[in-house]
Structure formats: C-alpha cells, structure tokens
Amino acid sequence: MGKRQGIFNYFYLLPIIAIVLFLFLYPVAYAVYISFTNFSLFHFFQYSYIGFKNYINILTNPNFYFVELLKNTAIWTIGSLIPMMILGFFLALILNQSDLKFKNVFFSTFLIPWAFPAYISLLIWSGMWDYSYGIINKIIGLIGIAPVNWLNNTTYAWVALILTNVWLSFPYYTSIFLSALQSIPRELYEIAEVDGAGMLTRFGKITLPMMKSTLVFVGVSGFIFTWNNFYPVFILTGGGPGTSTDILIVYSYQEAFDYNQYALASAYSIISTIILAIMAVIMFRYSRILEGRG
Amino acid sequence: MQRVGNKRTLGKIIRLAISYLVLTVMAIISIFPIYYIVITSLNDIPSLASVSLGSLLPSKISLNAYYGILFQEPFFVWLRNSLIMALGTIIISVLVAFLTGAALSRLNVPGKKALIVFLYILTFLPSVATVIPLYVMFASLHLINTYYGLILAYSSGTSIFGAYLVKIFIDTIPPEYEEAAMVDGLSRFRAYIRVLLPMTKPIVAFIMLLAFLGAYTDYALANAFITSGNMWTLTLGMYYLAITNHSTLYNVFAAFSVIMGVPIMAIFIAFQKYIRNVYSLSGGK
C-alpha cells in the first residue's frame, strides 16, 4: 500500500472528521470566542468584543461565586467518587467469594440502579427526598427521627446528593471491579494459602497489586465523569439552597438558559473545562493509563 | 487440630453471615425506588402529599394513572418525537462508528495513532459543555425546534465512543476473513459491509442501545433546543409532570416513569452479561 492509498483511506474517516469539526471543535472554538464578547439575549444580534471582561468579572466577583462553585464541584466530585469506589470494591470483594450462594441473584438486583434510566431515577429521588411529603422522611420517622429538610439545607442537601449519586453509580463500579477480580488466577490464592498467608496478607499481596491498574483507570475516568455529571445536581437541588450546592457545569447551563447570559456561561464552562483538562493530563501522566492504547 | 478447625468454621460462618447481611441490605436499597414508583403508579392517590407508608402496600390496585398518562396527556406525541430522534441517532451513530472503527483498525491512515488518542480524549467532553455554542450555531442554521439539530447533537458523542469500541473489537478479528472476500472480487468497502459488519454485530447492537438511550433520556439538550410544545420529547413531558406539576398528578408521573423506564431496565438486565463485557473491553484494563 503506497502513500497515495493512505491518503485515499481518509475517505472512510470523512464522516467522523466532519462530526468532530462541526459538533466538537467548531462549537468549542465558538464558545471561546463568545466568552470574549457581551453576547446575551439583550445583545443577541449585535454583540461586541469585550476582551477578558467576563473572566475578570467571574474571578473578581465580590460574592466569590467562582470560589464557591469550584469548592462545590470538588466536594461533589471527590465526595461522590470515594464512597462509590469503596462501596463498589467492597461489594465486588463480597461477591467474589467462592463459597457464596445466590451470587447472580444479588448481582442482578444491584444492576437495577444502573439499568433504570438515571434521568427518571433522579426525578423519583427528588420526590422521595421531599421535606413535607417524601417517603424518606416517613421511613426515618418510623425510628423516631424528625423530618429532615433534605434539599433546602446545605449540609443535608450534600448528603442527599451524594447518597443519590452513590445509588446511581455503585453498580458500574461493582461490575467493573468484579470482572477484574475474576480475572485474577485462583491458583495465586491457593499457593498463598498453602504458604500460610492469612486473609489480609492475601488481600494486600495479591488482590491490591493485581487490581491496581483497574482501580487507577476507573478512578481517573470516574473523576472526569463525576465532575461533568449534570443531572443529579440539576434535578435534585438545582444548585440550591442559593448556590450552596451548585457546581460549575450546572451553573453554566443555568446562566445560559435561565438568565440568557450566554457569554458569561461560556466563560464558566471554559474555565471548568480548562481546570478539568489540566487535572486529567496530570492524572494521565502520573498513572500512565493511556500508554499501550491505540 | 480440632480447635483450629472449629475456629475456621466459625470464621467462615461469620464471614458469610456478614456478607449476606450486606448484600441483602444493598439489594433492598437498589430495588426500593423502583418498587416505590411502580406501587405509586398502581395506587389511586393523585399527589405526592398522599404518598404514605401505607400506600407502599396498597390494598387495591388501580390503573387510573396509566389511563391518565396514555389518554389524557399528549403521551403519544412525546413518544413519537422521542422515537424519531432516537432512530435518527441510531442510524447516524452506527454508520459513522462502523466506518471509522473499521478504517482505524484495518487501514493504513497517516496520523492514525494521534487520531485515536484524540478521539478517545473527546469522549470525556460532556455534551452539556458544548450546548451553548451548539445552540447559537443551530439558531443561525434554523435548526432550533427541528429533529435534525437534536439528532446531530446526540450522534456526535455516541459516534466517537462507538468508533473507539468498533476499533478495539475489529482488532481482535483476523484480517483473513475480509481478505478472502476481496480475493473473490468484492471491493474493500463491500467486503467491510458484507463480511466485517455481520461479525461486529454484538458491538453494533451495543452502539444502538447507547444511541437510543442517549436520545431517549436526554433532557438538557432537548430543553435548550426545543421551544414549541408539539416538539416536546418524553423527558420534557416527564419533567413537567414530576417537578412543575407534582402536587396534582404524581401517580400519573409514576405511571409515566414505569412505562418509560421499565422496558429499558428489562433490556439492560436481560443483556447484562454482554453489556458488562463491552464496558470492561472499553476500560477495565
């Protein structure tokens, strides 16, 4: 195959190149462009270049919205990721015990939160967390706990958001970790047992090292996914009370479609993407998970 | 010796007892919200306020809410809109993903490695991040309130992720298959369609599911790109019933959730083994 043939082969890639250009690169470039203008509903047809003004506004806002949003995004991402991974890993370890019965029944039940469309589940959860009428307050009332105003108090709102997110996501983590655990050769454990290694030693010397690459990969991609996970915050609290649980991506969407401040919204989403990209590059570099791909 | 044995059996019993306890609690938590919504949909209680612990075990079953959603709300208009968008998304995603994946796996394309890594990184970009510029772009192209605009927006992410999956999958198929077909006189393109496409069926089915779900369960883009009521999708209708109107028609929302969500859940559980395989193929290692 000559070089000419190689160029001709791009014919097959034209559709994806068109998609990437028109639906990814152009919009991203456009977002960067409008973030330097005063584009909004009031300046929909006649907007002008205003330099870094939007960025300066965001970073020097006297209400420190940006600092709060960044802090909230970090709480949301790390606060969800750690319990999701721990629970997912723990359940995978339990399900991987060879003498456990009804494994498939339990496992299929755990898949339900993943299988049911998340958007609908979130609308259901928003009814369940309701202060006056929600079923959760009625259930905890059974053991004598007074109704909690879940979604209108910052601390409780975080608890509700993170618990809901853990419910939505743990099946994915359990499933990936379980398939990784099952690929560890059983002989390794048998040999270790003959050598007298206890449960903890086997876990530390065999399970953890064999799981390391999966844990790192799932952790990094889970971090990126959760950072950008729009619906839980949007549906459950809408960022409230106030902006106390708002995260960057949701705030940017609200700024655009509730307040019609498209330029400011673009600036927020660009800042969010830049921060995430820097962290992703650092994590990819450090963990080397992209090596050997492609 | 006897005592060591006893200690071991005791340890095993405790370990298994704790395991079953944790598994049972998690199973109940996993199933509860879905049970709650199914029961609410079968109950003759209109509003969220009338949901109580007693209504979790209803004494009689009513199908009024299902009648309400199917015949008193414009459910079939919403369903039609959702299905058109889902179908369009499936067609574009499958075609683009297959072509790209086959080319990246089999053909000698300059700059292939860089392109693959680039496409892989793009899959991390959320659609919500590009929604504002897409909105502006679609507004100037008159694609607001159309099926085309949303279908294009939904297809982009799935096509890219799908292309990546097709590529890894075709890498595992020996090239002799389509080479034999080409020796028999088929062109390269037709050999791909006739020989490779049928062999990638499991991945193509997965991309179809993903494309369907992306369009069928999206709210953020539909909310931004649709302003007229006759173009509403199921998710827009559902948001209206669940959030805007939950004080009057909560059981109708519940019936809606069941009709819209349970078929998806059933498909997912039925093909779980296969779906999990694809996910571990794409990232487990």
Side-chain angles (χ1 to χ4, degrees), chain A residues 1 6-7 9-10 12-13 15-16 19-20 23-24 27-28 30-31 34 91 94 97 99-100 106 108-113 115-117 119-121 123-125 127-128 130 133 135 138 167 175-176 179-180 213-214 217 221 224 228 230 249 253 256-257 262 265-266 269 273 280 290 293-294, chain B residues 16 19 22-23 26-27 29-31 33-34 36-37 48-49 51-53 96 99-100 103 107-110 113 116-117 120 122 124-126 128-134 136-137 152-153 156 159 163 217 219-220 224 235 238 242 246 257 260-261 264-265 268-269 272 276 279-280 283-285:
Chain A
M1 242 187 281
I7 304 287
N9 286 338
Y10 267 113
Y12 289 92
L13 297 178
I16 200 91
I19 283 183
V20 168
L23 298 169
F24 277 102
V28 168
Y30 202 92
I34 59 179
L91 289 175
I94 291 182
Q97 297 172 102
D99 48 1
L100 193 86
F106 283 117
S108 296
T109 316
F110 293 166
L111 288 177
I112 288 174
F116 206 79
Y119 173 77
I120 308 177
S121 306
L123 291 176
I124 297 171
W125 276 97
M128 299 205 313
D130 191 272
Y133 311 123
I135 198 78
K138 285 167 185 157
W167 181 87
S175 158
I176 297 273
S179 70
S213 73
T214 304
F217 181 83
S221 48
I224 295 167
N228 284 324
F230 173 81
I249 187 151
Y253 186 89
F257 297 103
Y262 306 115
S266 295
S269 72
T273 308
L290 279 185
R293 270 176 194 278
Chain B
L16 284 177
S19 300
V22 172
L23 293 175
M26 283 311 295
I29 293 174
S30 300
I31 222 166
I34 311 303
Y36 155 84
I37 211 69
L48 182 59
V51 173
S52 67
L53 288 173
V96 175
L99 266 188
T100 313
L107 297 177
N108 152 39
V109 185
K113 266 234 156 102
I116 292 169
V117 172
Y120 180 73
L122 275 189
F124 285 146
L125 214 89
V128 176
T130 53
V131 64
I132 304 155
L134 278 181
V136 179
M137 184 172 130
L152 282 177
S156 56
S159 302
T217 64
Y219 172 84
T235 50
M238 180 173 267
H246 75 249
S257 308
M260 196 178 158
I264 306 285
M265 184 175 79
F268 193 101
I269 304 276
Q272 47 143 315
R276 284 188 289 120
Y279 270 103
S280 27
K285 297 280 143 61

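Source: prediction; values computed, not measured. Chain identifiers are assigned alphabetically (A, B, ...) following the order of the sequence lines, protein sequences preceding nucleic acid strands; residue numbering begins at 1 within each chain.
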Using the side chain to side chain contact (heavy atoms under 4.5 Å, CB included) rule, take A/Phe257 and B/Val131 through it: C-alpha gap first, then chi angles, then the decisive distance, then the call. CA-CA 10 Å; A/Phe257 297 103; B/Val131 64; 4.1 Å; yes

Flag the one option from A/Leu111, A/Ile112, A/Asp99, A/Val20 with the top tally of heavy-atom pairs under 4.5 Å to chain B.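 Greatest number of close heavy-atom pairs with chain B: A/Asp99.
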
Side chains of B/Leu23 and A/Phe110: closer than 4.5 Å at any heavy-atom pair?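 They are in contact (side-chain heavy atoms under 4.5 Å apart), so the answer is yes.
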
So do the side chains of A/Ser108 and B/Gln272 get within less than 4.5 Å of each other, counting heavy atoms only?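 Yes, at least one pair of side-chain atoms sits under 4.5 Å.
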
Give, for atom OG of B/Ser30 and atom CZ of A/Phe116, the distance between the pair rounded to the nearest 0.5 Å.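 Here the rounded value is 13.5 Å.
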
Please report the interatomic distance CD1(B/Ile37) to OG(A/Ser121), rounded to the nearest 0.5 Å.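 Result: 9.5 Å between the selected atoms.
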
Heavy-atom cut-off 4.5 Å, strictly under: side chain, backbone, both or neither for [X] against chain B?
{"X": "A/Ile124", "value": "both"}
{"X": "A/Ile94", "value": "side chain"}
{"X": "A/Ile19", "value": "side chain"}
{"X": "A/Tyr262", "value": "both"}
{"X": "A/Ile16", "value": "both"}
{"X": "A/Ala265", "value": "both"}

Name the region of [X], side chain, backbone, both or neither, that has any atom closer than 4.5 Å to a heavy atom of chain A.
{"X": "B/Leu152", "answer": "both"}
{"X": "B/Met137", "answer": "side chain"}
{"X": "B/Ile29", "answer": "both"}

Going by ring pair (Phe, Tyr, Trp, His ring centres under 6.0 Å), name the residues that satisfy it together with B/Tyr219, two or more places apart in sequence or in a different chain.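 For B/Tyr219 the ring pair (Phe, Tyr, Trp, His ring centres under 6.0 Å) partners, ignoring immediate neighbours, are A/Tyr119, A/Phe234, B/Tyr239.
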
Verify side chain to side chain contact (heavy atoms under 4.5 Å, CB included) between A/Leu123 and B/Ser257, making sure each step is shown before the conclusion. CA-CA 9 Å; A/Leu123 291 176; B/Ser257 308; over 6 Å; no

Mind running side chain to side chain contact (heavy atoms under 4.5 Å, CB included) on B/Thr217 and A/Ile120 for me, showing each step along the way? CA-CA 8 Å; B/Thr217 64; A/Ile120 308 177; 5.9 Å; no

Taking all non-hydrogen atoms of both residues, which atom of [X] and which atom of [Y] are closest, and how far apart?
{"X": "A/Ala115", "Y": "B/Ile264", "answer": "O-CG2, 3.8 Å"}
{"X": "A/Tyr253", "Y": "B/Ala220", "answer": "OH-O, 2.6 Å"}
{"X": "A/Leu91", "Y": "B/Met26", "answer": "CD2-CG, 3.9 Å"}

What option among B/Ala27, B/Pro33, B/Ala103 has the most heavy-atom pairs under 4.5 Å with chain A?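 Maximum pair count with chain A is reached by B/Pro33.
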
Check against side chain to side chain contact (heavy atoms under 4.5 Å, CB included), B/Leu107 and A/Leu13: CA-CA 10 Å; B/Leu107 297 177; A/Leu13 297 178; over 6 Å; no

Which residues satisfy the side chain to side chain donor-acceptor pair (under 3.5 Å) test with B/Thr235, sequence neighbours excluded?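 Checked B/Thr235 against side chain to side chain donor-acceptor pair (under 3.5 Å); matches are B/Thr233.
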
